[in-house]
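Notes to accompany the following structure.
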Amino acid sequence: MEQTLPKMLRKTASDYPEIAAQYSKNTEGVFEPVLYRELYELALDFAAALKLLGVERTQTIGFISDNRKEWEQASMGIMTLGAVDVPRGCDATISDLRYILSFTECAIVIAENSAQVKKLLSIRSDLPHVQHIISFDEVDSALAADVAKEKITLHLFSDMLNEGKKHNIEHRAEIEAELEKGARDDTACIIFTSGTTGTPKGVELSHGNFLTQLDELQERIYLNPGERALCVLPVWHVFERLCEYVVFVQGAAVCYSKPVGSIMLADFKKINPHLMPAVPRVFEAIYDGIYSKMRKTGGVVYALFRFFVGVALVHSRMHRILFRQNSRFGPDYFALMWIVLVIPWLVLYPLKLLGNVLVFRKIKVMLGKNFRGGIAGGGAYPHNIDEFFWALGIKVVEGYGLTETAPVVSVRHIAAPVFGNVGSPIRGVKARIVDADGFVLGRCKQGVVQIKGGTVMKGYYKRPDLTQKVMTVDGWFDTGDIGILTIHDEIVLKGRMKDTIVLRGGENIEPLPIEQKLQESRYVTAAVAVGQDERFLGALILVNEDEVKGYAAENGIQYDTYENLLASDDIQKLYNSEINSLVNAKNGFKMFERINKFVLITKPFEIGVELSAKQEIMRFRISEIYRKEIKAMFASDI
């Protein structure tokens, strides 16, 4: 394996120069390719342009942009010089940018468009180090004049590429020499956490942190040269960033899309991708879209859909038991299970095949003709979504990692997945489970997950105090995640230490399993369990407006305003019934884990407000935004 990411790109460009590395849409919505030799040359040209601006090794460069082909071209150029990118998306708040760019003392900032340039100007007094802004898109003359007034030089990315190209005609050897200087332990980027618990921390990641993963991930998430991966996540986030490197090292292509159902599904048909990495909410949206479409179709079609899905679910559960595709924590009575299950498994098999012909094949067509599988990462993958796609024969494998582990710790094999876990650690990475006092536990015992290996960060940028808090003296990183190791060392996650809700009675509750169960209801878009230091558990329920209004129409419920509909006894009873039918002893929940009170909310969760960039719920933000509703929920509790 090459020692830096630009060297990895150089090798791929040498092996597959005429194969497409990137596909992006032009103004007419047609996907156009960038070949590997072109991508490599663009990286060298941008590196040359930066060198002309005086950029030196280890220098930090701010980077505010969403997914687009220029992102990778610029990032590879930055790393070619041994400089360090400090990325953030266009949804970054003013306060986050102020903190991140001032803390890292960036003299150069890349901005995607005029909106990001304006953000930078609005906090100019807090960013005295900024001397240059590089914009991907054109900037109008008025804004350019405003930039000049602030004594900042504005550059267009396209102009810089031209300047770099001219420089490389005679001085290419200088840039290639800079590329050669790169070492495995050099810092590649500083990615600030999305701040789910407060002030973001700058995670310093080396080239080696990323490269450690590429060896085995080619086996677990395989692509052939020329194949395509549809990418919908923000590339500044470490999960998408690593996924693009996995694509590049195999000579495949990154195809840029958006996590919006209509756009994404249309792009599936245009590009026919083989893989799609995404956060769980993207796969949830596909699942919800399928069910919504079937319910609206109604009649015999919907009845057949439900019947065959039910058959497929039961058959796949039996299949996993018979062929040992479930997480195991002890004896599985294998021989006895074959005696009990083999006949019903055989009986249901023809029905499952019929369901595939009549129903499932039509769903698979929505994902194109080449789709091999999806990778769900960056958050917890709901059990019911996992089962649904498994039953339909659509492989979506769950992975696990953190920004601090660059990010992959483990991921299921696409070719041979095991249900109910996030896979075993990849080569070069070890995992262990410890108790609250730090004592190492054996397999099949619940505790805190700790990680050691080549993916673990160099540390938190300029914060050795914070680094010391999460690193043990013997070099293990404390993830703060609660988990168990199976008998085959696969990791099963149970929640987050920092998310644990402690009731007045001392009961410790992991909210994630409860929230995921509640979200199985078609009337629930999202759920957030609350109740810290209270006597019982409550929940904020984000309602599915279309489903609630559909229920009202089906049941002849009259209402004047939507708010009054939600407050009506009929809808309150509906949600009470849904909650009680999902969170109960029958489904494995303890008495103190039941939801005693709930509040219906209607404002959709937004990235940067209630959600992080990974679309994870930021609980501290939820507590602030819905402080009044939460207080009212527990007001009668004495």
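Counting begins at 1 with the first residue of the sequence.
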Note to self: Check Glu490 with Arg412, please: is the shortest side-chain N to carboxylate O separation under 4.0 Å?
What the structure shows: no
Notebook entry, point to check: So, Lys181 and Asp186, do they make that salt bridge, N to O below 4.0 Å?
Noted result: no
Note to self: Quick test of your reading of the model: are Glu404 and Lys469 salt-bridged, counting only N-O distances below 4.0 Å?
What the structure shows: no
Checklist line | By side-chain contact (heavy atoms from CB on, under 4.5 Å) - contacts of Pro273 (at least two apart) | finding: Leu230, Phe268, Ile271
Check: Take atom NZ in Lys462; do more than 12 heavy atoms of anything else shown fall under 6.0 Å from it?
Finding: yes
Check: If every non-hydrogen atom of Pro417 is compared with every non-hydrogen atom of Ile414, which pair is closest and at what distance?
Finding: CD-O, 3.5 Å
Note to self: Salt bridge or not between Arg621 and Glu606? Use side-chain N to carboxylate O under 4.0 Å.
What the structure shows: no
Next item on the list: Please examine the side chains of Val408 and Val429, heavy atoms only from C-beta on, and report whether any two atoms are closer than 4.5 Å.
Entry: no
Checklist line | Backbone N/O of Leu101 and side chain of Glu105: donor-acceptor pair under 3.5 Å | finding: no
Notebook entry, point to check: Quick check: are there more than 12 heavy atoms from other residues, nucleotides or ligands sitting under 6.0 Å from CD of Gln468?
Noted result: no
Item checked: Short N-O contact, Lys494 and Asp499, less than 4.0 angstrom -> no
Margin query: Is it the case that over 12 heavy atoms from other parts of the model lie below 6.0 angstrom from the NZ atom of Lys11?
Written below: no
Next item on the list: Please say which of Arg68, Gln22, Lys69 ends up in a side-chain hydrogen bond (donor to acceptor under 3.5 Å, both in side chains) with Tyr256.
Entry: Gln22
Next item on the list: Would you indicate whether Phe323, at its atom CZ, is surrounded by more than 12 heavy atoms from other residues, nucleotides or ligands within a distance under 6.0 Å?
Entry: yes
Next item on the list: Look only at the side chain of Glu112 and the backbone of Asp66, and say whether a donor-acceptor pair between them is shorter than 3.5 Å.
Entry: yes
Check: Which pair of non-hydrogen atoms, one from Ala111 and one from Gln116, has the smallest distance, and what is that distance?
Finding: CB-CB, 3.8 Å
Item checked: Test: Arg317 and Glu387 ion pair at under 4.0 Å -> yes
Next item on the list: Would you please name every residue forming a ring-ring contact (aromatic ring centres under 6.0 Å, His included) with Trp390, sequence neighbours left out?
Entry: Phe419
Checklist line | Inter-residue atom distance Arg463.CZ - Asp465.CG, 0.5 Å rounding | finding: 4.0 Å
Next item on the list: Search all heavy atoms of Arg228 against all heavy atoms of Asn272 and return the closest pair with its distance.
Entry: NH2-O, 3.3 Å
Note to self: Tell me which one of Phe136, Tyr40, Phe157, Trp71 satisfies ring pair (Phe, Tyr, Trp, His ring centres under 6.0 Å) with Phe46.
What the structure shows: Phe157
Check: Within the distance-only criterion (no hydrogens, no angle test), does the side chain of Thr4 pair as donor or acceptor with the backbone N or O of Arg184 below 3.5 angstrom?
Finding: no
Checklist line | SG on Cys106 to CD1 on Ile190, rounded to 0.5 Å | finding: 7.5 Å
Item checked: Test: Arg220 and Glu216 ion pair at under 4.0 Å -> yes
Checklist line | Sidechain-backbone polar pair: Lys452 side chain, Asp474 backbone, donor-acceptor under 3.5 Å | finding: yes
Next item on the list: Decide if the gap between the ring center of Phe210 and the ring center of Tyr245 is smaller than 6.0 angstrom.
Entry: yes
Notebook entry, point to check: Does Ser257 reach the main-chain N or O of Cys231 with its side chain, forming a donor-acceptor pair under 3.5 Å?
Noted result: no
Checklist line | Aromatic Trp476 / basic Arg432 pairing, under 6.0 angstrom, 45° off normal | finding: yes
Next item on the list: Without swapping roles, check the side chain of Arg57 against the backbone of Glu178 for a donor-acceptor pair under 3.5 Å.
Entry: yes
